[in-house]
Student: 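Got a structure here, written out as structure tokens. Questions coming.
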Amino acid sequence: MNTPDSRKIVLVTGASSGIGAATAERLASDGHHVVLAARRTDRLDALTARLTTSGASVESVQLDVVDHDAHRAVVDAIVTEHGRLDVLVANAGVMPLSRLDAGLVDEWRRMVDVNVMGLLNGIAASLPHFTRQGSGHLVTIASIGAHEVPPTSAVYSGTKFAAWAITEGLRVESPAGIRVSTISPGVTESELADSISDPVAREAMVAYRAHAIPASSIAGAVAFSIDQPGDVDVNEIIVRPAAQR
Ligand code: NDP
């Protein structure tokens with residue numbers, strides 16, 4: 001459990017399900033103050049109520065990460081309320097996998113909007129505060145898809161390679177007080193595959209998902225990264241099912 005001195009103010013995007021929800025729960029139970037953000041407020045309200053009942057310090061806010069102004073307003077409101085933002089967990093993401101020859105342009109655009117522009121909007125909103133504070137921590141939830149490109153994953157992996165590169169770019173451009181961590185999960189239990197409309201990709205996911213690990217496994221990697229001393233910067237962790245090849 002963190003002491004009042006080590007308690008951080010954390011924003012988790014995509015906190016309404018899966019890895020984001022598990023991360024919010026883990027960080028709140030570790031004693032941090034967690035702001036849960038996503039579009040589905042019914043989910044956020046239910047999780048926030050449950051965590052509050054168990055004594056956690058949490059709040060929730062509706063946010064579409066694609067909306068730059070809305071992202072900035074959410075971050076600014078956190079800083080106004082709490083005096084600072086210590087950690088942004090940029091987790092919101094979508095994965096409507098398909099082969100390139102399926103030509104699902106609208107789904108490609110959606111992945112670029114959420115997985116790339118959503119991350120950039122989070123950086124644009126948070127970095128001015130991190131710079132003024134002289135400290136801050138971006139935790140990007142990328143993917144094993146930031147390291148490999150299986151069939152049907154060309155565009156999704158493209159967005160996750162981009163997320164990896166953008167996060168690394170922030171590291172090399174930033175002073176020592178600003179830390180960056182890329183967490184790259186393998187197959188993890190969540191709702192992520194529900195948005196796959198392409199039948200070939202849906203079929204391919206069935207075998208993959210048989211080995212899925214709990215979302216709490218990824219939350220543990222996030223918690224490890226942010227609880228390091230300020231002079232220790234955990235830049236990447238890959239967490240995948242032991243059986244995933
Ligand atoms: P889920 O589908 O369970 O969660 C995705 C979250 O992103 C939801 O909370 C959803 O909330 C949110 N989200 C989607 N679009 C937006 C948006 N425009 N604005 C704000 N929030 C949004 O999947 P996961 O938990 O698995 O996904 C979390 C991250 O982990 C993603 O970045 C994903 O790419 C990554 N990942 C997951 C893996 C897995 O196997 N599960 C493997 C590798 C990486 P709402 O719809 O309420 O807005």
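Atoms within each ligand, like the ligands themselves, are counted from 1 in listed order. When a residue number appears, it is its place in the shown sequence, counting from 1.
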Student: What atoms of ligand 1 come closer than 4.0 angstrom to any heavy atom of Pro185?
Tutor: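 That gives atoms 42 (C), 43 (C), 44 (C) of ligand 1.
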Student: Return yes or no for this condition: an N or O of Glu189 is under 3.5 Å from an N or O of ligand 1.
Tutor: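 No, since none of the N or O atoms of Glu189 sits under 3.5 Å from an N or O of ligand 1.
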Student: Identify the protein heavy atom lying closest to atom 19 (N) of ligand 1, giving its residue, its atom name and the separation to 0.1 Å.
Tutor: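 Atom 19 (N) of ligand 1 sits closest to the protein heavy atom Val65 N, 3.0 Å.
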Student: With heavy atoms under 4.0 Å as the rule, classify the contact between Ala142 and ligand 1 as side chain, backbone, both or neither.
Tutor: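 Under 4.0 Å from ligand 1, Ala142 contributes backbone atoms alone.
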Student: Give the residue, atom name and distance (to 0.1 Å) of the protein heavy atom nearest atom 48 (O) of ligand 1.
Tutor: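 Looking at atom 48 (O) of ligand 1, the protein heavy atom closest to it is Arg39 NE, 2.7 Å.
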Student: Look at atom 36 (N) of ligand 1 and say which protein heavy atom is nearest, naming residue and atom and giving the distance to 0.1 Å.
Tutor: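 Going by distance alone, atom 36 (N) of ligand 1 is nearest to Tyr156 OH, 3.7 Å.
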Student: Does Arg240 use its side chain to pair, donor to acceptor, with the backbone of Gly186 at less than 3.5 Å?
Tutor: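 The answer is no, because no donor-acceptor pair under 3.5 Å joins these two groups.
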Student: If the cut-off is 4.0 Å to any non-hydrogen atom of Ile19, which atoms of ligand 1 fall inside it?
Tutor: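 So the atoms of ligand 1 that pass are 25 (O), 26 (O), 30 (O), 37 (C).
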Student: Between Ser126 and Ile123, is there a donor-acceptor pair closer than 3.5 Å when you use the side chain of the first and the backbone of the second?
Tutor: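 Not a single qualifying donor-acceptor pair exists.
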Student: For His33 and Asp86, does a side-chain donor sit closer than 3.5 Å to a side-chain acceptor?
Tutor: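 There is no such pair between these side chains.
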Student: Please work out which of Ile238, Asn91, Leu44 has its closest non-hydrogen atom nearest to atom 28 (C) of ligand 1.
Tutor: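 Looking at heavy atoms only, the winner is Asn91.
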Student: Backbone N or O of Thr188 within a donor-acceptor pair of the Arg209 side chain at under 3.5 Å?
Tutor: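 A pair under 3.5 Å: yes.
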Student: Tell me which one of Gly122, Gly18, Gly20, Ser190 gets a heavy atom nearest to atom 24 (P) of ligand 1.
Tutor: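 That would be Ser190.
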Student: Is it true that the side chains of Asp198 and Ser98 contain a donor and an acceptor less than 3.5 Å apart?
Tutor: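 The answer is no; no qualifying pair exists.
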Student: Which atoms of ligand 1 are found less than 4.0 Å from any heavy atom of Ser143?
Tutor: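 So the answer, numbered in order with elements, is 43 (C), 44 (C).
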Student: Tell me whether Asp233 contacts the main-chain N or O of Asn235 through its side chain, where contact means a donor paired with an acceptor under 3.5 Å.
Tutor: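 Judged by distance alone, no pair lies under 3.5 Å.
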Student: Would you check whether Thr13 reaches within less than 4.0 Å of ligand 1, judged by its heavy atoms?
Tutor: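 For ligand 1, residue contact (heavy atoms, under 4.0 Å) with Thr13 is absent.
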Student: Tell me which protein heavy atom sits closest to atom 3 (O) of ligand 1, plus the residue, atom name and distance to 0.1 Å.
Tutor: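 Looking at atom 3 (O) of ligand 1, the protein heavy atom closest to it is Ser17 OG, 2.8 Å.
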Student: Side chain, backbone, both or neither: which part of Asp64 comes within less than 4.0 Å of ligand 1 when only heavy atoms are counted?
Tutor: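 The part of Asp64 near ligand 1 is both the backbone and the side chain.
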Student: For Arg72, look at atom CZ and say whether over 12 heavy atoms of other residues, nucleotides or ligands are found less than 6.0 Å away.
Tutor: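 Yes.
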Student: Test your reading of the structure: does Val114 have an N or O sitting under 3.5 Å from an N or O of ligand 1?
Tutor: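 The answer is no, given that Val114 and ligand 1 share no N or O pair closer than 3.5 Å.
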Student: Could you identify the single nearest non-hydrogen protein atom to atom 13 (N) of ligand 1 and state the distance to 0.1 Å?
Tutor: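 Looking at atom 13 (N) of ligand 1, the protein heavy atom closest to it is Ala92 CB, 3.9 Å.
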Student: I'd like the name of whichever of Leu192, Asp113, Asp194, Asn115 reaches closest to atom 38 (C) of ligand 1 through any heavy atom.
Tutor: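 Among Leu192, Asp113, Asp194, Asn115, the closest heavy atom to atom 38 (C) of ligand 1 belongs to Leu192.
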Student: Atoms of ligand 1 less than 4.0 Å from Val187 heavy atoms?
Tutor: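 Within the 4.0 Å cut-off of Val187, ligand 1 contributes 40 (O).
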Student: Classify the contact between Arg110 and ligand 1 as side chain, backbone, both or neither, using a heavy-atom distance cut-off of under 4.0 Å.
Tutor: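 Side chain only.
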Student: Decide yes or no for Val180 and Thr140: does some side-chain heavy atom of the first lie under 4.5 Å from some side-chain heavy atom of the second?
Tutor: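 SC-SC contact between Val180 and Thr140 ruled out.
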Student: Would you check if the side chain of Asp64 reaches a backbone N or O of Val66 as a donor-acceptor pair within less than 3.5 Å?
Tutor: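 Checking the backbone N and O of Val66 against the side chain of Asp64, a donor-acceptor pair under 3.5 Å is found.
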Student: When you measure from atom 40 (O) of ligand 1 to every protein heavy atom, which one gives the shortest distance, and what is it?
Tutor: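 Result for atom 40 (O) of ligand 1: Thr188 N, 2.8 Å.
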Student: Select one of side chain, backbone, both or neither to describe which atoms of Lys160 lie under 4.0 Å from any atom of ligand 1, heavy atoms only.
Tutor: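 It is the side chain that touches ligand 1; the backbone stays farther off.
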Student: Heavy-atom distances under 4.0 Å are what count here, so tell me which part of Leu63 touches ligand 1: side chain, backbone, both or neither.
Tutor: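 It is the backbone that gets close, since no side chain atom is under 4.0 Å.
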Student: Between Gln228 and His137, does any side-chain donor sit less than 3.5 Å from a side-chain acceptor?
Tutor: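 Short answer, no.
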Student: Among all the protein's non-hydrogen atoms, which is closest to atom 5 (C) of ligand 1, and how far away is it?
Tutor: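 Protein heavy atom at minimum distance: Gly93 O, 3.7 Å.
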Student: Any ion pair linking Arg110 and Glu107 (charged N to carboxylate O, less than 4.0 Å)?
Tutor: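 No, this pair does not count.
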Student: Could a heavy atom of Ala37 be found less than 4.0 Å from some atom of ligand 1?
Tutor: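 Ala37: no contact with ligand 1 (<4.0 Å).
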Student: Report the residue from Val10, Leu36, Leu27, Val35 that forms a side chain to side chain contact (heavy atoms under 4.5 Å, CB included) with Val58.
Tutor: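 The single option meeting the side chain to side chain contact (heavy atoms under 4.5 Å, CB included) with Val58 is Leu36.
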Student: May I ask you to list the atoms of ligand 1 that are less than 4.0 angstrom from any heavy atom of Ile141?
Tutor: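 Contacts of ligand 1 toward Ile141, numbered from 1: 29 (C), 30 (O), 32 (O), 35 (C).
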Student: Rounded to the nearest 0.5 Å, how far does OG1 of Thr80 lie from CG of Leu85?
Tutor: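 Here the interatomic distance stands at 11.5 Å.
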Student: Tell me, which protein residue and heavy-atom name are nearest atom 10 (C) of ligand 1, and how many Å apart are they?
Tutor: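 The closest one turns out to be Ser16 OG, 3.8 Å.
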Student: I'd like to know if the side chain of Thr182 pairs up with that of Glu168 as donor and acceptor (distance under 3.5 Å, no hydrogens or angles considered).
Tutor: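 Their side chains do not contain a donor-acceptor pair, so the 3.5 Å distance test is not met.
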